[in-house]
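Worksheet for the structure shown next.
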Amino acid sequence: MERLYAKASVSISDLKKNPSRIINQAEGSPVAILNHNKPSAYLIPAEAFEALMEKLEDYELTRVVKERENEPTVKVSLHEL
């Protein structure tokens with residue numbers, strides 16, 4: 001069986017029946033959505049998704065900084081800006 005990245009899971013058919021109930025029962029935790037007993041999606045709170053997107057953005061910025069850290073620099077005075 002595939003690893004689930006959630007403590008709770010629900011079938012797609014159960015999710016379709018009453019999505020609000022599933023969201024309320026999750027109490028802010030992720031829920032794995034299963035299709036034929038395999039994870040097909042994850043339902044996560046908006047706050048968690050937003051935090052994840054910020055972390056990904058930070059990761060990408062860090063990658064760009066590391067990539068450029070050995071490039072030559074150009075000195076510019078404040079007056080020139």
Side-chain angles (χ1 to χ4, degrees):
M1 181 163 178
E2 293 183 42
R3 180 177 177 179
L4 292 181
Y5 293 95
K7 293 180 183 176
S9 63
V10 65
S11 69
I12 288 179
S13 56
D14 284 342
L15 178 65
K16 286 180 187 178
K17 290 176 190 173
N18 194 344
S20 295
R21 179 180 59 83
I22 301 300
I23 292 168
N24 291 336
Q25 285 180 340
E27 297 179 337
S29 296
V31 177
I33 310 302
L34 305 179
N35 187 17
H36 301 291
N37 291 326
K38 291 185 178 182
S40 61
Y42 286 91
L43 175 65
I44 63 170
E47 187 176 291
F49 181 78
E50 291 163 1
L52 178 61
M53 298 310 331
E54 285 185 28
K55 285 183 189 240
L56 285 172
E57 190 175 299
D58 289 348
Y59 173 80
E60 179 61 21
L61 289 173
T62 300
R63 188 192 63 76
V64 170
V65 167
K66 286 183 179 183
E67 193 176 90
R68 294 179 181 177
E69 71 184 345
N70 292 323
E71 289 182 3
T73 59
V74 176
K75 291 195 178 219
V76 178
S77 70
L78 188 57
H79 178 71
E80 292 174 308
L81 294 176

> Would a 4.5 Å heavy-atom cut-off, applied to side chains only, mark Arg63 and Glu60 as touching?
Replying inline: yes

> Do the non-hydrogen side-chain atoms of Ser29 and Val31 ever get within less than 4.5 Å of each other?
Replying inline: no

> Which heavy atom in Ala6 sits nearest to a heavy atom in Pro30, and how many Å separate them?
Replying inline: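 Shortest heavy-atom separation between Ala6 and Pro30 comes out as CB-O, 3.5 Å.
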
> Considering all heavy atoms of both residues, which atom of Glu80 and which atom of Lys75 are nearest to each other, and what is their separation?
Replying inline: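 Looking at all heavy atoms of both residues, the closest pair is OE1-O, 4.3 Å.
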
> Hey, what do you get for CD1 (Ile12) to CG (Asn35), rounding to the nearest 0.5 Å?
Replying inline: 4.0 Å

> What distance do Ile23 atom CD1 and Ile44 atom CD1 have between them, rounded to the nearest 0.5 Å?
Replying inline: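 That separation rounds to 12.0 Å.
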
> Counting N and O atoms only, with roles assigned by atom type, does the side chain of Ser9 sit under 3.5 Å from a partner on the main chain of Ala32, one being a donor and the other an acceptor?
Replying inline: no

>> Please tell me whether Tyr5 and Leu34 are part of a single hydrophobic cluster in this structure, the criterion being side-chain heavy atoms less than 4.5 Å apart.
In response: yes

> Do NZ/NE/NH1/NH2 and the carboxylate oxygens of Lys17 and Asp14 come within less than 4.0 Å?
Replying inline: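 Yes.
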
>> Counting only heavy atoms from other residues, nucleotides and ligands, does the tally under 6.0 Å from CG of Leu81 exceed 12?
In response: yes

>> A quick test of your reading: do over 12 heavy atoms of other residues, nucleotides or ligands sit less than 6.0 Å from CD of Glu47?
In response: no

